[in-house]
Amino acid sequence: MKRILIVDDDIEFRQVLEQLMLHEGHWVRVAESSATAIQLFRDMAATPQPFDLVISDMMLGDGSGLDVLSVVREVTTDTPFIFVTAFGSMESVAEAIRKDVFDYVAKPFDAGELLRVVRRALSKLSTEIEPTLEVPDSVAGSLKIIGSSPPMIELYKAVARVSATDSTVLMSGESGTGKELVARAIHNNSLRAHRPFIGVNCGAFPETLLESELFGHVKGSFTGANTERIGIFEAAAGGTVFLDEISETSPNFQVKLLRVLQEHRIRPVGSNQERTVNVRWLAATNQPLTTLAQSATFRRDLFYRLSVINLRLPPLRERREDIPLLVEYFVQRFNSRQRKAVRLAEVTMDWLVRQDWLGNVRELEHAVERAVTMNITGELIPQDFLQFGLFDMSPPATNQPPVSQATGITSWVCLLPKTLDEVEREHLLVTLSYTQGNKVRAAELLGIGRWSLYRKARRLGINLGADNDFSKE
């Protein structure tokens, strides 16, 4: 039996998590605020039996879970700390890892997954304590990597951890998913943050010019080379070089790049002397890694050299719950730039969440900018986006609630006899079909919290996966 402190201002979540831990056979205390949690932890720390584990939400009514973590770390470096939260960001994850948080789990979560994390944290008590990752205090303050969905929380954790190393990272993701933003975040959270970050789009240069851009050239090495010029690898000395669209390079250039990665030495174009370079390499491709590894035009040895660590950036359609956060951020930013006060109609946000956004965050950003720029009513409706011909789907009428395309229904009939669970299951399925699978909107219509929706769905055997057609269950 271990002693566990649970901190969350959501009473429903506290009760669920408390029951999970009690079922595991642990002794549990709960706190609804950071102040109460801090006092409980300090009181227990003064006894022969302090807490063995702290599980906390990030956002608390009277402060932040980071405040609780700071006090815990002042008292001891041995007690594992787990964040379970629906409000994650690159900055919060980086700060949590700097303070030696054990793990960072996104809500909603699978109970089995959380229990595995808890068991690993508790097993750590009987083994050697892992060293804290020394991530510098500089975080990507000017960058905005927005999202608190489970895929983004996993990405934040990976970025925070690889930033503390000098390992080469290969990022894959569709166009517009933010690969350069992630590369900059890795650099800004690394020990090289005070040195240059230089990015180059490898697909934008022909082979000979790309070689000159990266390696530099000596005077007279080719027509127009009137002076000696250092390349990007030397200009970024001590910093980071980001090679975007690395898959667009020629096999001949890949041979030269592989040698540089292995030996950290370059030979400028037209020179017979080599120079040592000290940079970290980050690379990105819009091709899936399996496709790149099997490509006949991309050297496999270079692929293995670049992919010491692989990061996959999820497309926007795999994290639709982040779309409202992104839209609100973009609307606020373009309102500020253009001195407007445009707002979104509720039906517009629901409609935007249902789009596939094949251009991902970049497409969404440009669509919001155009809509805000052209709007004259002060309220954005779907037509403000449709006028640019971006979508095939017709917008719902703004004077009536949207009707589910899958079912075309706005009501349902309960055929008796049925049990209460069967009625509740049908009601959930019809509501989810009505909202096109938008779980946040479904919870609002049902008058319950999102966590309650997930708990009820699990109990009633409803799969809330993004690809589920609820009208067919």
Side-chain angles (χ1 to χ4, degrees), residues 58-59 61 85-92 107 141-149 152 176-178 181 315-405 410 431-432 434-451 453 466:
M58 177 64 76
M59 303 296 291
T85 181
F87 301 96
S89 68
M90 181 69 250
E91 293 80 4
S92 64
K107 293 180 184 177
S142 61
L143 303 178
K144 276 294 179 182
I145 304 177
I146 295 174
S148 58
S149 60
M152 292 305 291
T177 51
L181 278 182
L316 201 50
R317 61 186 174 277
E318 291 183 8
R319 54 182 189 106
R320 294 181 188 271
E321 56 266 56
D322 289 333
I323 291 177
L325 296 175
L326 288 160
V327 171
E328 290 169 4
Y329 170 72
F330 291 141
V331 168
Q332 182 180 9
R333 190 173 77 180
F334 295 125
N335 270 337
S336 177
R337 285 185 183 179
Q338 301 176 24
R339 298 181 180 179
K340 287 188 171 185
V342 176
R343 63 183 184 87
L344 264 81
E346 182 178 350
V347 67
T348 308
M349 186 69 84
D350 292 340
W351 180 76
L352 289 171
V353 169
R354 292 198 298 270
Q355 308 309 313
D356 283 338
W357 300 108
L358 298 181
N360 295 293
V361 179
R362 184 183 297 122
E363 181 187 4
L364 177 63
E365 178 184 8
H366 293 169
V368 173
E369 181 178 7
R370 286 190 293 266
V372 171
T373 301
M374 302 302 293
N375 180 270
I376 58 174
T377 65
E379 183 177 64
L380 293 177
I381 59 175
Q383 283 84 346
D384 287 313
F385 296 86
L386 285 170
Q387 64 180 307
F388 302 104
L390 296 176
F391 308 103
D392 294 329
M393 185 180 116
S394 299
T398 56
N399 60 349
Q400 61 184 13
V403 179
S404 167
Q405 284 190 331
T410 55
T431 304
L432 287 163
Y434 175 81
T435 63
Q436 296 273 335
N438 184 335
K439 293 177 277 294
V440 174
R441 180 60 176 154
E444 291 176 353
L445 292 175
L446 292 167
I448 59 178
R450 189 171 64 168
W451 173 250
L453 175 66

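This one's a predicted model, so the numbers in the text were calculated from it and none came from an experiment. Quick note: residue numbers are just sequence positions, from 1.
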Exercise for review: For V361 and T177, run side chain to side chain contact (heavy atoms under 4.5 Å, CB included): C-alpha distance rounded to whole Å, both residues' side-chain angles, the deciding distance at 0.1 Å, then the answer.
Suggested key: CA-CA 6 Å; V361 179; T177 51; over 6 Å; no
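- The backbone N or O of S149 sits less than 3.5 Å from a side-chain atom of D322, completing a donor-acceptor pair.
- Proximity of I323 to L316: side-chain heavy atoms (C-beta onward) are separated by under 4.5 Å at one or more points.
- Using modelled atom types, one side-chain atom of N375 and one backbone atom of T377 make a donor-acceptor pair closer than 3.5 Å.
- Put simply, the side chain of W357 gets close to the backbone of L352: a donor and an acceptor are under 3.5 Å apart.
- A donor-acceptor pair under 3.5 Å links the side-chain atoms of T348 to the main chain of L380, judged by distance alone.
- Atom CD of Q332 is surrounded by 12 or fewer heavy atoms from other residues, nucleotides or ligands within 6.0 Å.
- A pairwise comparison of heavy atoms in L325 and S148 identifies CD1-OG, 3.7 Å as the closest pair.
- For the pair E379/L344, no side-chain contact is recorded, criterion being any heavy-atom separation below 4.5 Å from C-beta on.
- Side-chain contact between M374 and D384 is absent, with no heavy atoms from C-beta onward closer than 4.5 Å.
- Put simply, the side chain of M152 reaches to within 4.5 Å of the side chain of R319, judged on heavy atoms.
- The shortest side-chain heavy-atom distance between E369 and R333 does not fall under the 4.5 Å cut-off.
- When atom types are taken as modelled, the side chain of T435 and the backbone of T431 share a donor-acceptor pair closer than 3.5 angstrom.
- R317 is listed as a side-chain neighbour of L358, based on a closest heavy-atom distance under 4.5 Å.
- Between N438 and D350, some side-chain heavy-atom pair lies under the 4.5 Å cut-off.
- Within the 3.5 Å criterion, the main-chain N or O of V353 finds a donor-acceptor partner in the side chain of R320.
- Residues meeting the salt bridge (Lys or Arg N to Asp or Glu O under 4.0 Å) test with E346, sequence neighbours left out: R441.
- Judged purely by atom type and a 3.5 angstrom limit, K340 has no side-chain atom pairing as donor or acceptor with the backbone of F334.
- Side-chain contact between V331 and R343 is absent, with no heavy atoms from C-beta onward closer than 4.5 Å.
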